Amino acid sequence: MTLTLHDTLHREKRVFVPRDPERVTLYVCGPTVWDFAHIGNARPPVVFDVLVRLLRREYGADSVVYARNVTDVDDKINAKAAKEGTPIGEVTARFEAAYLADMARLNVSPPDIAPHVTDHMDAIVAQIAAILEQGCAYAAEGHVLFDVSSYENYGRLSGRNLDDMIAGARVEVAPYKKNPHDFVLWKPSKEGEPGWPSPWGVGRPGWHIECSAMIEETLGLPIDIHGGGIDLVFPHHENEIAQGVCAHGHAHEADAHAEYSRYWMHNGFLTMDAEKMSKSVGNVLLLHDLVQAIPGEVVRWALLSAHYRQPLDWNQALLDQSRKNLDRLYGALADVDRLAVQAGTTLPSPRSHIVDGHLKTSGFLGAIEDDLNTPGAIAALFALSNGIRAALMGEVDWQIVSDTRAALQASANLLGVLQVDHAMWFDAGVDDSFKAEVEALLAERVTARTAKDWPEADRIRDRLNALNVVVMDSPAGATWRLKG
Ligand code: AMP
Ligand code: ZN
């Protein structure tokens, strides 16, 4: 396969070549566990979950190491704990557990490594000491600051020029900073705040150093791919590169950034009804609430419906359409089983070389390998489900049905959708007696239609409507689900 990825640093799509195909490394900036994640926060873990699935297919499940950190040291966490009167560890444990449960509902597989800042304090202190030793940082008034003027390529990732930044600087200049853009590696903790011992006094790390130190300790440098949302390009990732490069004495080498991460990927932002999501506008939708109300696969589908670098507008129409699309695909899988039962046949095993061929000819692999073109991959899922429906017409060749069905399932597995049994999908939230009532009405409807008794068929349709049931007809019969 030829996987191409858009690299933020090179500003173009590049063929992906890992440093070591037996150990492909990927790091994505994870949540700060002070509150529930909003729906925008769910976009990076879902997008990079698709990438990880694809990498595991290509390089082998055991040859990919995926790290997504947990930021459990942060001023917002301290403020929340103080407000609630609960210990900090209780706050972080609660929101991390909620995050993981919500991710599971989105079919996001857990990362191989989930480093916590509180577990890597020694590595963080060691990296700060190394940066100081290289002359790229200075200690002042209990703080350690990174000296941005010491790194020649500062601004390269974000396309900013330090001179322009300084000229337009509006940042508040703390008295201990040499340059307004110097950023904190370590800061002192006040009485009552969490703190760790260090050569510069009791304190805590800045946000950027956490990631660069945990990357070095858990994955080793350089990593293959670093990912996150587009808002992290500056300053977070720019600063990570500066730290990772300068800790190892590469401050003056033109291409030293490649010693930190070889590819940089960033997802576009999610908006709500065309507006930026923000607490002040009051349009923040919590993932935690959403996945209680609708199936996680609908949310995942909606997140993957646009290309990851494009903005994505979140609205009810998107969710309705996502649900309809999933119904259509699950409906094709249901048709196969129902018709096979009717025909009294057991599906033959799919032939793997034919299935692989379908993954190519449907356009699925070509799309997903082209910088994760998920809209193209979704179109291929429909091509495959249409193929299943066509194969079920007339004289059925069950081998062809089985191969096409397996290709649809394999493609869906890479996107992380169609992960439940179709019967469960359509029955979700329905008890047995309700199910029996609907099935009985559907059977009466078939009888009425066969007898061309249209007033009776209409009456049954109205009753199903009143029960909040949507019926989907196909040549293989009808499937149904609850509205909403
Ligand atoms: P934060 O908790 O703000 O650090 O964000 C966690 C992750 O979510 C980061 O990778 C952000 O870039 C990403 N993110 C935050 N808001 C949005 C949004 N509205 N759309 C897409 N990604 C977002
Ligand atoms: Zn980070």
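Here the structure is a predicted model, which means the values were calculated and not measured. In what follows, every heavy atom counts, from backbone to side chain, and hydrogens, waters and symmetry copies are set aside.
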Out of curiosity, [X] [atom1] to [Y] [atom2], how far, rounded to the nearest 0.5 Å?
{"X": "H236", "Y": "S158", "atom1": "NE2", "atom2": "OG", "value": "13.5 Å"}
{"X": "E216", "Y": "Y27", "atom1": "CD", "atom2": "OH", "value": "12.5 Å"}
{"X": "N468", "Y": "L464", "atom1": "CG", "atom2": "CG", "value": "11.0 Å"}
{"X": "F36", "Y": "L290", "atom1": "CZ", "atom2": "CG", "value": "13.5 Å"}
{"X": "E58", "Y": "L54", "atom1": "CD", "atom2": "CG", "value": "8.0 Å"}
{"X": "L106", "Y": "I39", "atom1": "CG", "atom2": "CD1", "value": "7.0 Å"}

Contact summary for [X] and [Y], nearest pair of heavy atoms:
{"X": "G244", "Y": "L221", "value": "O-CD1, 4.2 Å"}
{"X": "P115", "Y": "A67", "value": "CD-CB, 4.4 Å"}
{"X": "T25", "Y": "I223", "value": "OG1-CA, 3.3 Å"}
{"X": "D35", "Y": "F95", "value": "C-CD2, 3.4 Å"}
{"X": "L304", "Y": "L415", "value": "CD1-O, 3.5 Å"}
{"X": "V117", "Y": "P205", "value": "CG1-CG, 4.3 Å"}

- Message: Quick check: Y330 with H422 (ring centres under 6.0 Å apart)?
- Response: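 When the ring centroids of H422 and Y330 are compared, they turn out to be at least 6.0 Å apart.
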
- Message: Taking the ring of H226 and the ring of Y263, is the distance between their centroids below 6.0 Å?
- Response: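 No.
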
Non-neighbouring partners of [X] that pass salt bridge (charged side-chain N to carboxylate O under 4.0 Å, His left out), sequence neighbours left out:
{"X": "R262", "answer": "D224"}
{"X": "D371", "answer": "R309"}
{"X": "R56", "answer": "D112"}
{"X": "E90", "answer": "R94"}

Are [X] and [Y] close enough that some pair of their side-chain heavy atoms sits under 4.5 Å apart?
{"X": "I230", "Y": "N267", "result": "no"}
{"X": "K187", "Y": "V184", "result": "yes"}
{"X": "V108", "Y": "R300", "result": "yes"}
{"X": "L418", "Y": "W425", "result": "no"}
{"X": "V73", "Y": "M121", "result": "yes"}
{"X": "V202", "Y": "W196", "result": "no"}
{"X": "W314", "Y": "V299", "result": "yes"}
{"X": "L55", "Y": "I225", "result": "yes"}

- Describe, in one word, how the ring planes of F146 and F183 are oriented to each other, choosing from parallel (under 30°), tilted (30 to 60°) and perpendicular (over 60°).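 The arrangement is parallel - the two ring planes meet at less than 30°.
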
- Task: Hey, can you tell me if H143 and Y176 have their rings parallel, tilted or perpendicular (30° and 60° cut-offs)?
- Result: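 Plane angle under 30°, so parallel.
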
- Does the R105 side chain pair with the main chain of V291, one donor and one acceptor, at a distance under 3.5 Å?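 Looks like yes, one N/O pair under 3.5 Å.
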
- Message: Closer than 3.5 angstrom, by distance alone: can the side chain of D370 be matched with the main-chain N or O of N373 as a donor-acceptor pair?
- Response: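 No, the answer is negative, given that no donor and acceptor are paired below the 3.5 Å cut-off.
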
- Query: Going by the salt bridge (Lys or Arg N to Asp or Glu O under 4.0 Å) test, which pairs reach into residues 197-215, not counting sequence neighbours?
  - Reply: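 For residues 197-215, and leaving out neighbouring residues, the salt bridge (Lys or Arg N to Asp or Glu O under 4.0 Å) pairs sorted by first residue read D75-R204, E193-R204.
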
- Item | Candidate pair Y151 and H257, rule side chain to side chain contact (heavy atoms under 4.5 Å, CB included), full reasoning | CA-CA 11 Å; Y151 177 42; H257 47 76; 4.2 Å; yes

- Task: Could you go through the side chain to side chain contact (heavy atoms under 4.5 Å, CB included) check for R43 and F269 one step at a time?
- Result: CA-CA 8 Å; R43 199 174 187 191; F269 250 43; 5.7 Å; no

Listing, residues 133-140 side-chain donor-acceptor contacts under 3.5 Å, not counting sequence neighbours, or none:
from : atom 1 : to   : atom 2 : distance (Å)
Y138 : OH     : K178 : N      : 2.7
Y138 : OH     : D182 : OD2    : 2.5

- Report the residues that fulfil side-chain contact (heavy atoms from CB on, under 4.5 Å) with E22, sequence neighbours left out, ordered by chain and then residue number.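 For E22 the side-chain contact (heavy atoms from CB on, under 4.5 Å) partners, ignoring immediate neighbours, are D20.
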
- Query: For E253, what residues pass the side-chain contact (heavy atoms from CB on, under 4.5 Å) criterion, not counting sequence neighbours?
  - Reply: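 Checked E253 against side-chain contact (heavy atoms from CB on, under 4.5 Å); matches are H250, A256.
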
Holding to side chain to side chain donor-acceptor pair (under 3.5 Å), I want the full list of residues that pass it with [X], two or more places apart in sequence or in another chain.
{"X": "Q243", "answer": "S212"}
{"X": "W186", "answer": "S198"}
{"X": "N325", "answer": "Q321"}

- Query: Is the NZ or CZ atom of R68 both under 6.0 Å from the centre of the six-membered ring of F48 and within 45° of that ring's axis?
  - Reply: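 Not satisfied by the 6.0 Å and 45° rule.
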
[X] side chain to [Y] side chain, donor-acceptor N/O pair below 3.5 angstrom:
{"X": "D273", "Y": "Q316", "value": "no"}
{"X": "Y154", "Y": "E238", "value": "no"}
{"X": "H208", "Y": "E240", "value": "no"}
{"X": "T71", "Y": "N69", "value": "yes"}
{"X": "T271", "Y": "D313", "value": "yes"}

- Task: Evaluate the criterion side chain to side chain contact (heavy atoms under 4.5 Å, CB included) for residue pair R57 and L359; output intermediate values, then yes/no.
- Result: CA-CA 13 Å; R57 175 183 191 275; L359 255 55; 3.6 Å; yes

- With a 4.0 Å cut-off, would you call D49 and R53 a salt bridge?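 A salt bridge links D49 with R53.
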
- Message: For D427, is there an ion pair with R481 - N to carboxylate O distance below 4.0 angstrom?
- Response: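 Salt bridge between R481 and D427, a charged N being under 4.0 Å from a carboxylate O: no.
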
- Item | Verdict with reasoning, L185 to Q127, per side chain to side chain contact (heavy atoms under 4.5 Å, CB included) | CA-CA 10 Å; L185 300 176; Q127 194 170 77; over 6 Å; no

- Message: If the condition is ring pair (Phe, Tyr, Trp, His ring centres under 6.0 Å), which residues does H266 pass it with, not counting sequence neighbours?
- Response: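 Expected list: H237.
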
- Item | Candidate pair D147 and K177, rule salt bridge (charged side-chain N to carboxylate O under 4.0 Å, His left out), full reasoning | CA-CA 9 Å; D147 175 358; K177 279 192 187 180; over 6 Å; no

- Would one find more than 12 heavy atoms of other residues, nucleotides or ligands at under 6.0 Å from atom CG of D122?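 Open.
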
- Could you go step by step and tell me if S149 and N179 meet the side-chain hydrogen bond (donor to acceptor under 3.5 Å, both in side chains) rule? CA-CA 8 Å; S149 69; N179 178 315; 5.4 Å; no

